[in-house]
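To start, the structure itself, in structure tokens.
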Amino acid sequence: SDLVGEKHTPYILADYLKVDKNDLYTYPLELLKAGVGYKYEFNHLIHLKSQVEYQFELDSHKNHGAHNNILFKLQLAYGF
């Protein structure tokens, strides 16, 4: 079986979020997120995904809940 192929999918991610100072619903915020992940496909219905990401707080309001942190996410998905 292949190390990377139909069942094994490694990936990288990057996400940039900016909430403007004049936004009506939330405080100003600027975040950058980067990470790596791995998805394993048991069959066409069941997938298991794990992901490690680091979130950088570039600029935010002092009352915003965003901070620099490391997150680990694990997801088991079943679909039809």
Side-chain angles (χ1 to χ4, degrees):
S1 93
D2 294 333
L3 196 56
V4 175
E6 289 183 24
K7 290 186 174 255
H8 306 273
T9 308
Y11 61 91
I12 59 173
L13 65 102
D15 189 22
Y16 175 73
L17 172 68
K18 182 172 183 174
V19 178
D20 202 43
K21 290 182 169 74
N22 62 358
D23 190 278
L24 298 176
Y25 297 105
T26 188
Y27 294 113
L29 173 68
E30 193 170 5
L31 291 175
L32 178 63
K33 181 174 28 173
V36 295
Y38 170 76
K39 182 179 87 167
Y40 180 76
E41 184 176 328
F42 292 97
N43 58 41
H44 71 284
L45 295 176
I46 302 173
H47 299 200
L48 180 64
K49 185 168 84 170
S50 61
Q51 182 172 302
V52 177
E53 59 188 50
Y54 187 77
Q55 182 173 294
F56 305 88
E57 178 183 351
L58 302 174
D59 185 27
S60 73
H61 189 275
K62 67 179 181 171
N63 292 331
H64 220 295
H67 302 288
N68 294 345
N69 56 26
I70 296 175
L71 300 170
F72 177 75
K73 296 180 179 180
L74 186 63
Q75 177 187 30
L76 179 62
Y78 175 78
F80 48 89

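Quick caveat: nothing in here was measured; it's all calculated off a predicted structure.
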Give me the one residue out of L31, L32, D15 that meets side-chain contact (heavy atoms from CB on, under 4.5 Å) with Q55.
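Running side-chain contact (heavy atoms from CB on, under 4.5 Å) over L31, L32, D15 with Q55 returns exactly one hit, L31.
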Is any side-chain heavy atom of Y78 closer than 4.5 Å to one of L76?
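Result no, sub-4.5 Å side-chain heavy-atom pair not found.
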Shared hydrophobic cluster, [X] / [Y] (ILVMFWY, side-chain heavy atoms < 4.5 Å):
{"X": "L48", "Y": "L45", "result": "yes"}
{"X": "L13", "Y": "I70", "result": "no"}
{"X": "L74", "Y": "Y38", "result": "yes"}

For Y54, what residues pass the side-chain hydrogen bond (donor to acceptor under 3.5 Å, both in side chains) criterion, not counting sequence neighbours?
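Residues passing side-chain hydrogen bond (donor to acceptor under 3.5 Å, both in side chains) with Y54: none at all.
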Could you state the interatomic distance from CD (E30) to CD (E57), rounded to the nearest 0.5 Å?
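Between atom CD of E30 and atom CD of E57 there are 10.5 Å.
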Does I12, at its CD1 atom, have more than 12 non-hydrogen atoms belonging to other residues, nucleotides or ligands within less than 6.0 Å?
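Counting neighbours around CD1 of I12, 12 or fewer heavy atoms of other residues, nucleotides or ligands fall under 6.0 Å, so no.
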K7 side chain to F42 backbone, donor-acceptor under 3.5 Å:
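Looks like yes, one N/O pair under 3.5 Å.
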For K73, which residues count as a salt bridge (Lys or Arg N to Asp or Glu O under 4.0 Å) partner, sequence neighbours excluded?
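Counting only residues at least two positions away or on another chain, K73 forms a salt bridge (Lys or Arg N to Asp or Glu O under 4.0 Å) with E53.
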Pairs where residues 40-50 contributes a residue and the test side-chain hydrogen bond (donor to acceptor under 3.5 Å, both in side chains) is met, not counting sequence neighbours
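Found none.
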